[in-house]
Structures are given as C-alpha cells and as structure tokens.
*Asks:* 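Input: one structure, supplied below.
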Amino acid sequence: MLEILREINAILWGPPSLILLAGTGLFLTLQLKGMQFSKLGYAFKLAFTKDKSDDDAEGDVSNFKTLMTSLAGMIGNGNIAGVATAITLGGPGALFWMWLVGLLGMATKYSEALLAQMYRVKNKNGEYSSGPMYYIEKGLGSKFKWLAVLFAFFAAFAALGIGNGVQSNTIADVMENSFNVTGWVTGVTLVILVGLIVFGGIKRISNVAGVFVPVMAVLYIVSALLILALNYDQIIPAFGLIFKHAFTPVSAAGGFSGIVVMQAMQHGVSKGIFSNEAGLGTVALIAGNARTTHPAKQALVAMTSTFIVTIVVCTMTGLVLIVTGFWDASGGLISGVSHNPNLEAGALTSAAFGSSLGAIGEYIVSISVVFFGFSTIIAWYVYGIKCFEYLFGLKYIVVYGVIYITATFLGTVADLSTVWAFADTANALMMIPNLIGLLFLYKVIKTETQKFFANPVQKVNM
C-alpha cells in the first residue's frame, strides 16, 4: 500500500502539478499586482481590529473567528511534524521552497476566500455554505458541475487524512514518546473530545479555535525564538544551508543516502501546501461564514493566515531543526550532532526543542502537537461536512460525522509513513480541481478586487 501511494505521489507531485500550483500563484500575483505584499499591513489591520460596519453584515461568525478557525486547520502538525518531514526527506533547501509556495500562495488564498464570499449559499439550517464546489459550479456554470463534484469528493476524503488521520497519528506518536501513553488510549480520548465539540456546530468550533490557536501559537513561537537566541551563531549558517541546498543536492555521507534538488522541491512544496493549504481551497470552505461588508475584506484577512503559517511558524520550526542539527535524520552524520535516527516528524521536532531547553522544551512541543493537532481535527471536520453536504445534502451529515470520528481513532494506530503518503495523495487530488477553477475565474477575482480598492469603505451586499 505504501509503495503504491508513493508511486502515485511521484506522479501527482511531479513537475506538472508543481508548475500548476506555482504557476497559478504567480499568475494571480501578477493579475493582482503583488497585492499580497503591498496590502499586507492593511490585511493585518482588518484581521486584528474590529470593524463595526461588519456587525450588521450577513454571516455566521466574525472575521477574526473565521481567521482563527482557518488557522486552526493550518497551524497544526504540518508546521511541527510536516516541516520536520520535509527537511529530513528534502534537506534544508525544502524550507526555501516552502517559503516560495507560501508567498505565491497568499494570492491564491486571497482569491479562494474572495470567491467563497461571492458565491456562498445559505443552507436549510440558516447557515452559510461556501467552497470551491460552489464557485466552480455557480461561477463557471452547470457544465463544470463535474469538476465541482470532484473537488467536493476529494476534499471530503482528504479531510480524513490531512485534517484527521495525520493529526491524530502525530498526537499519538508524541504522546507515546513523551508521556508513555499507548496509541489506543490516545485514540479513545480523542474520539470522545472531538465528538463533544464537532457536533456542536460551526459556532462552537470557532469559539474553541479562538481560544486554542492564539495561546498555543504564542507559546510555540516564543519557545522557538528562545532556542534561536541560544544558538544565535548558527542562524546565518542555517540560512546558508537553506539557500544552498534549494539549488544544489545534499551529498551522501556515511549511512546518509543524500538528497537531490527535486526531492527538496517536491517535499518543500507538498509539505508547504500541507501546512498553509494555499491552493487546496480549504479557506473557501470557511470564509463564506464570515460577517463582512465586502468579499475582499474577508479575502484579505484570509490571506494573512498563509503569511503567519509559512513565513512565521514554519520558519521557526525549520530554523530550530537546522541550528540544533536535528534536520539530519541519519543521526547527525552531516551535522555532527548525535541523536536518535529513529525519531520521526513531531517526535524529532520535540527532541530538537529539548536539546536546547531540556525537558521543558520537549514538553512545550508535545503539548503544542496535542493542542494544534486537536484544533486542526475539529477545523477540518467543518471542511469535510461542507463538502459532504454539497454532495449528499444535510440529511446525511451524521453519517460523515461517524466516519470522521472513526478515522480519528484509526489514525492513532496506523503506520506513520502510510498516513503521510495518503495525505499527500489526497492534497493533490483536491488541489487540481480548485486551481483550475481559480484560473478560469481570474477575471472575476481581478474585477472585484479593483472595485473594492477603488472605494474600500463601501458596503456591498452580495
């Protein structure tokens, strides 16, 4: 099974998909005139200050809570375990490709959220539903409904992997390594806690995310900054390794097989997408719930999530792994730092933090993995049910809930490599229909953005 998935991923994450992903981000960046850079300050202002004009706007939750729910889905184990996996399999250069796909992905994320607001619908429960399936079908017409269905099917399936199985698997791995808790105990506990929250609806989920995400993000980032301060003399050499191995292979040494540039690019891009989700269309599944007077305002807020995740959190994790020498999964053959070569993903990041901060560092990462992973699981449940609702209607939502919770338990006892491979496959399959939709709708994105910035204080009823 694992080998089959790896062969599929070699194709799905080969040059065509990488070109489609990066090309879409670059194309939208040019169409929007680099808006993700010039308007970044304004976007953060919208995200973290209250706009009273939005209070009376249509929607289910505030811009801030929508951002926190989106971040809950992203600031998860992709930033802890995903970065570690990318760097150990693709070398330090993988971080460069994560940055690139993140910066270009800010334009992609903006576009997804904008279209989500424009083409959202209200379901029978009175809540808004949005996502690529709606802007593909409504924006491109019924003849493209097959593409919308493909996205919804793959995304509902992907939620069981990237948003659920990978998270519960990493939580179980860290719980066993740090606290000697067996996988099945972690699985049962997660099933109970996830069930109590996800069946409370979008408002309960957004409230939980609004508490978990800011606290854990600050704790994790401050800890990473402390480690970098303690290893300040290694920061410049770390950046040197990142830029060098983004374009040159990592040589073999001892039992280390070496890493070629394509591996750095492939793992950097795929894990970068896993962490920031730009291009997957997930932000569109929640952005439509936001109360806002103009689609572009929520789109700008959504855009900041990619910057926070990739440029801040992923960079912190990557630099800690490199400056402490833990990026070399062979056990320190290249870096000269000896550590357990059997450590993987979140456990490796935990050990890297522990090497500088002692036991408290390991516990900080372990706790972060648990809370980040848990918040990601509940956020991705929202994504999954939005897609399931589109395919089958509200009547059968409970069926998906049972499947989702079952996947939570199975993830805790499954093989790590297989779970990650499955997640990569699912990511690609939901990404491709979404990117095609964005490219076909670029004129709508461009026109709506120009209208907003011509008069950003206007109130437009969509």
*Asks:* Would you say the side chain of Phe44 lies within less than 4.5 Å of the side chain of Thr49, judging by non-hydrogen atoms?
*Replies:*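 Thr49 does not reach Phe44 side chain to side chain.
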*Asks:* Should the heavy atoms of other residues, nucleotides or ligands under 6.0 Å from CZ of Phe153 be counted, would the total exceed 12?
*Replies:*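 Not buried by this count: 12 neighbours or fewer within 6.0 Å.
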*Asks:* Going by side-chain contact (heavy atoms from CB on, under 4.5 Å), Ser111 matches just one of Thr24, Thr449, Ile445, Val444. Which one?
*Replies:*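 So the option named by the test is Ile445.
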*Asks:* Hey, are the side chains of Ile432 and Ser17 touching, using non-hydrogen atoms and a 4.5 Å cut-off?
*Replies:*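 A side-chain contact exists here, since the closest heavy-atom pair is under 4.5 Å.
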*Asks:* Validate the cation-pi geometry between Lys39 and Phe453: distance from NZ or CZ to the six-membered ring centre under 6.0 Å, angle to the ring axis within 45°.
*Replies:*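 The answer is yes, since Lys39 meets both limits relative to Phe453.
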*Asks:* Would you say the rings of Tyr404 and Tyr381 are close, in the sense that their centroids are separated by under 6.0 Å?
*Replies:*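 Aromatic pair counts; centres sit under 6.0 Å.
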*Asks:* For the rings on Phe353 and Tyr220, is their centre-to-centre separation under 6.0 Å?
*Replies:*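 Centroid distance Phe353-Tyr220: below 6.0 Å, so yes.
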*Asks:* Can you see whether Asn231 engages Ser356 through a side-chain donor-acceptor pair at a distance of less than 3.5 angstrom?
*Replies:*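 Indeed, the side chains of Asn231 and Ser356 share at least one donor-acceptor pair under 3.5 Å.
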*Asks:* With the side chain counted from C-beta on, respond yes when Met106 and Thr306 share a heavy-atom pair under 4.5 Å apart, and no when they do not.
*Replies:*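 A side-chain contact under 4.5 Å exists here.
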*Asks:* In terms of side-chain geometry, is the basic nitrogen of Glu112 or Lys109 positioned less than 4.0 Å from the acidic oxygen of its partner?
*Replies:*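 Salt bridge: no.
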*Asks:* Could you state the interatomic distance from CE (Met175) to OG1 (Thr412), rounded to the nearest 0.5 Å?
*Replies:*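 Output value for this atom pair is 11.5 Å.
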*Asks:* Are Trp99 and Thr310 linked by a side-chain donor-acceptor pair shorter than 3.5 Å?
*Replies:*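 Short answer, no.
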*Asks:* Pairing donors with acceptors under 3.5 angstrom, does anything connect the side chains of Thr29 and Gln36?
*Replies:*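 Distance-only check passes for Thr29 and Gln36.
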*Asks:* Give me the atom names and distance for the closest heavy-atom approach of Ala278 to Gly105.
*Replies:*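 Between these two residues, the closest heavy atoms are CB-O, 3.4 Å.
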